[in-house]
Number of protein chains: 2
Amino acid sequence: MRITLKDIAKALNLSASTVSKALSDSYEISAETKKTVKEYAAKHNFRPNKVAQNLKTGKTNTVGVVLCNISNNFVAQLLDGIQTASEAANYDIIIMQSRNQEMLEKQAIEVLRMRGIDGLLLTPMASDSSERELRELQDDGIPVVLVDRTFHSLETHKVGANNFDGAYQATIHLAERGKKRIMHITGRGLGVSKERFKGFLAGLEDSKLKFIPELNLEIDYAGQPIEELIKENLVPILKSEARPDAIFCATDEITSRTLGVLADLEIAVPTDIAVIGFSNTPNANALNPALSAVVQPARKMGELGFQKLTEMINSKNKEVTFETIALDTELVIRKSSL
Amino acid sequence: MRITLKDIAKALNLSASTVSKALSDSYEISAETKKTVKEYAAKHNFRPNKVAQNLKTGKTNTVGVVLCNISNNFVAQLLDGIQTASEAANYDIIIMQSRNQEMLEKQAIEVLRMRGIDGLLLTPMASDSSERELRELQDDGIPVVLVDRTFHSLETHKVGANNFDGAYQATIHLAERGKKRIMHITGRGLGVSKERFKGFLAGLEDSKLKFIPELNLEIDYAGQPIEELIKENLVPILKSEARPDAIFCATDEITSRTLGVLADLEIAVPTDIAVIGFSNTPNANALNPALSAVVQPARKMGELGFQKLTEMINSKNKEVTFETIALDTELVIRKSSL
DNA sequence: TTGTAGGCGTTATCAT
DNA sequence: ATGATAACGCCTACAA
C-alpha cells in the first residue's frame, strides 16, 4: 500500500510536520534529518497525496483542457501545442472532449471545477455556450482562456486564427488561377466559418467576381454522415448550369470529405474543378490530388493559449486588459488548386 | 466564491452532517429537511468538492487513460470508444499522452496515481515500459487494463486486435491479385508490428510466395521526418532489380506516408505498384488512390477495454483469471490494391 | 531544530 | 430525525 507522511514520521520517530518540512527542504530542518527523511521516503517510494495537498493548499498545478473533438487534425495539433507548453511550465493537464455537444461541454467544465484546476483552456462550441459555467469559474478566481473560437462572448483572453484573411487569400488565389465560378462549402452554425465566409466574399469582391448564391452550400454537421450530405447536395449543382470551376471549403472536415466525394464521382481535380480549403491534415500530399490548403498555426495557438492562461493564473487579482489574438494562417499551394 | 456544506449548514441552522446526508438522500433525514436543503443548494449552485470527497472516500469515480499519441486516427477512435463507454458508466476520464516517450508515460502514470484514479487504461509504449509503476498501481489496488499493445508483460486484462490475421488477410489479398513481389514496410520496435510481420510471412507462405529480404523495410519512427525516411529508403529499391509490385504497410502512419511518397514520385497506384496497409483513416477514399486497408475495430476496443476495467474496479479482491482479447480486423478493399 | 494543533470539505460513526 | 466528532493526508502557524 501507499505510504503516507505519518508512516514515515512513525518509522523515524519524528512528527508528521517535521517530515513534511524536511521533504520540502524547509530551512527549519537540520541537514541530517532532511537526509534521513528523504532517504527513507525515496526507499519506500513515497509520493505525496495530491488530493490531500490540493485540499489543503487550494492549488492543483493542473490546467483543464476542454476540446470539441480530438479526432480533428487541427484540434490534435492544438492539443500538441498545449501539451508542449504545459510540460515546459511543469503543469499537468486534464483533457476532456465536449464532442460538440453543449451538455457534455458543460459537464466537462463542471467535472474539472469540482475536481480542482487552476485554469481552463476551452474551445467553446458556440458563441454563448456554457456561459454561466464559465462565469462561475471566473468568479471562483479560476481564469479561462478561449482558443480557436474567439467569437465567444466571455470576457477573457482569446487566441485564434485570422480566419478572414485565410479565406481571403485562398479565394484570391483561385481567382488568380482564372477561376470565375467559385463555390463555397461550409458547416452550419460554426462560429469560425462566419469570418471565413466574410473573407471569401471579400476575396471575390477584390477579384471582381460575383457571389453566386447557388454555389453556396451549408452542411449541417449534426446530421451524421457528412460525406453523404455533401454528395447529395453537390451532385445536382455539378449537373446544373451553375457548375463551379472551383470550390473553397471552409473547414477541415469538409475539405477532406469534399475531396473524397469528388474522387467517388470521378471528377478530376483540379482539371475539372479546383479545390482549396482550410485543412491541417498531415497527409495533404497523399490526398487525391495533393491538397492546397489554408493551414492554421495550431501548435502555436495551443502554446500561446496556454501561456496566456498561466500568465493569468500567476497574476491573480491584478487588473488585466484582455486581448483577442488572431494568428496568421498559411496558404500552402499544392496540386488541387492548380 | 464557491459555497460549501458548512455554509449551507450555517445558513439553514443545521449541522454539516445533516446537510451531507440530506443531499445524498439518506433515509435518516426527513423529507422536509431534504427539500429545504436541496432547494437551498440548488439556488446557491452548490457543488460538492470532489477533492474533499476523494480524500474522504478514497473513490474518485475517475479512470485514467494514458495514450501514446492522440493525433493518430486509430488512437483517436479508440479514445472515442473509451469515452462512449465511460459516459454510459458515469465515470469521468482523465486523458494523458505519453507521446511515445517512456519518461512521459511514467510521468503520466505517476500524476494520475497521485491525483487519484480508480483504474487505468493504457496503451503501453513497449513490452516492458513503466512496469514498476504499473505494478505499484496494482499493488495499491488500482486495476490496469492494457489496450492495443497486448504484448506487454504485465499480468492483467488486455484488449487488442488480431494483428496476425489482419496482416495475413491483406497479404493473401495481394497474392490473389497476382502480386508476386510484395514489399513489407514497418516501424522499428513497435510491438504490434511483430505480429503483423508474422501474419505477412504466413500469408506469403500460404500463397507460395517467397519472402524477399530486400523488400523488407523497417523505418525508425524516432527519427522525425518519416516521409523523408521512407523516400530515401524506397527510391533505391524502386530503381533496383528488386522493385516490388505491391507494398504492405504495417502501420497507420506508414501507410499514409507511403502513399504520399508514391504520389510525390508520380508512381501510379495501383497500376505500377499496389498498396494496402493497416489504417484507420476516415479519409481512405479521399486518398490517392482510395486506400485498401486493414481496419482495426478501434471504438470497440476502447469500449471493451473500459468495460473490462470497470469490471475489475467493481470486483476488487475477487480472484480473476486475466484474458487477452484479440478483436478481428476488417479488410476493406478500395482502389489502391486492385 | 522539532513538535503540536488546527483545518481544508467531506463522510461515517455514534450519540442524542 | 438530527448533531457532534473524528478522520482522510497534508500543510502551516505557533509553541516548545
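Labels below follow one simple rule: chain letters A, B, ... track the order of the sequence lines, proteins then strands, and each chain is numbered from 1. All values below come from the heavy atoms of this structure, side chains included, with hydrogens, waters and symmetry mates left out.
Remark: B:Q53 is in phosphate contact with C:dT11, judged by side-chain N or O atoms under 4.0 Å from OP1 or OP2. When the side-chain nitrogen and oxygen atoms of A:S30 are compared with OP1 and OP2 of C:dT2, one or more of them lie within a distance under 4.0 Å. For C:dC8, the OP1/OP2 oxygens have no side-chain nitrogen or oxygen of B:T4 closer than 4.0 Å.
The nucleotide range of DNA chain D contacted by chain B, defined by atoms under 4.0 angstrom from heavy atoms of the protein and reported 5' to 3', is D:dA1 to D:dG9.
Applying the salt bridge (Lys or Arg N to Asp or Glu O under 4.0 Å) criterion to A:K50, with sequence neighbours excluded, gives A:D92. For B:R149, there are no salt bridge (Lys or Arg N to Asp or Glu O under 4.0 Å) partners at least two apart in sequence or on another chain. In this structure, the ring-ring contact (aromatic ring centres under 6.0 Å, His included) partners of B:Y40, at least two apart in sequence or on a different chain, are B:H44. Residues forming a side chain to side chain donor-acceptor pair (under 3.5 Å) with B:E102 (at least two apart in sequence, or on another chain): B:K106. Looking at residues two or more places apart in sequence or on another chain, you find a side-chain contact (heavy atoms from CB on, under 4.5 Å) between B:T57 and B:K59. For the salt bridge (Lys or Arg N to Asp or Glu O under 4.0 Å) test, residues two or more places apart in sequence or in another chain that qualify with A:E136 are A:R113, A:R132. Every residue meeting the salt bridge (Lys or Arg N to Asp or Glu O under 4.0 Å) condition with B:K308, not counting sequence neighbours, appears here in chain and number order: B:E311, B:E323.
At its two ends the helix from C:dT1-D:dA16 to C:dT16-D:dA1 runs along axes set 50° apart, each axis drawn from five pairs and the angle rounded to 10°.
Per the geometry, CG belonging to A:D25 stands 15 Å off C1' belonging to C:dT1, to the nearest Å. Taking atom OH of A:Y27 as the reference point, atom P of C:dT2 lies 14 Å away to the nearest angstrom. The distance between atom CZ of A:R115 and atom C1' of C:dT10, rounded to the nearest whole Å, is 15 Å. Rounded to an integer number of Å, the gap from CG of A:N54 to C1' of C:dT10 is 15 Å.
B:S20 contributes atom OG, which lies 10.0 Å from atom NZ of B:K56 (distance to the nearest 0.5 angstrom).
For residues 27-36 of chain A, the pairs satisfying side-chain hydrogen bond (donor to acceptor under 3.5 Å, both in side chains) are A:D25-A:K34, A:S26-A:E28, A:S30-A:T33, with sequence neighbours left out. Residues in residues 106-160 of chain B take part in these ring-ring contact (aromatic ring centres under 6.0 Å, His included) pairs, two or more places apart or across chains: B:H157-B:F322.
For the pair A:T18 (side chain) and A:L14 (backbone), a donor-acceptor distance under 3.5 Å is absent.
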Any N/O pairs under 3.5 Å between the protein and nucleotides 12-15 of chain C? List them or say none.
| unit_1 | atom_1 | unit_2 | atom_2 | d |
| --- | --- | --- | --- | --- |
| C:dT13 | O4 | B:K21 | NZ | 3.4 |

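Using a 4.0 Å heavy-atom criterion, one finds that B:N13 contacts the sugar-phosphate atoms exclusively. In this structure, A:L5 reaches the sugar-phosphate backbone alone: every heavy-atom distance under 4.0 Å involves primed, P, OP1 or OP2 atoms, never a base. Among the protein residues, A:T33 comes within range of the sugar-phosphate backbone only, with heavy atoms under 4.0 Å from sugar or phosphate atoms but none that close to a base.
Residue whose closest nucleotide on DNA chain C sits further toward the 5' end, between B:K6 and A:T18: A:T18.
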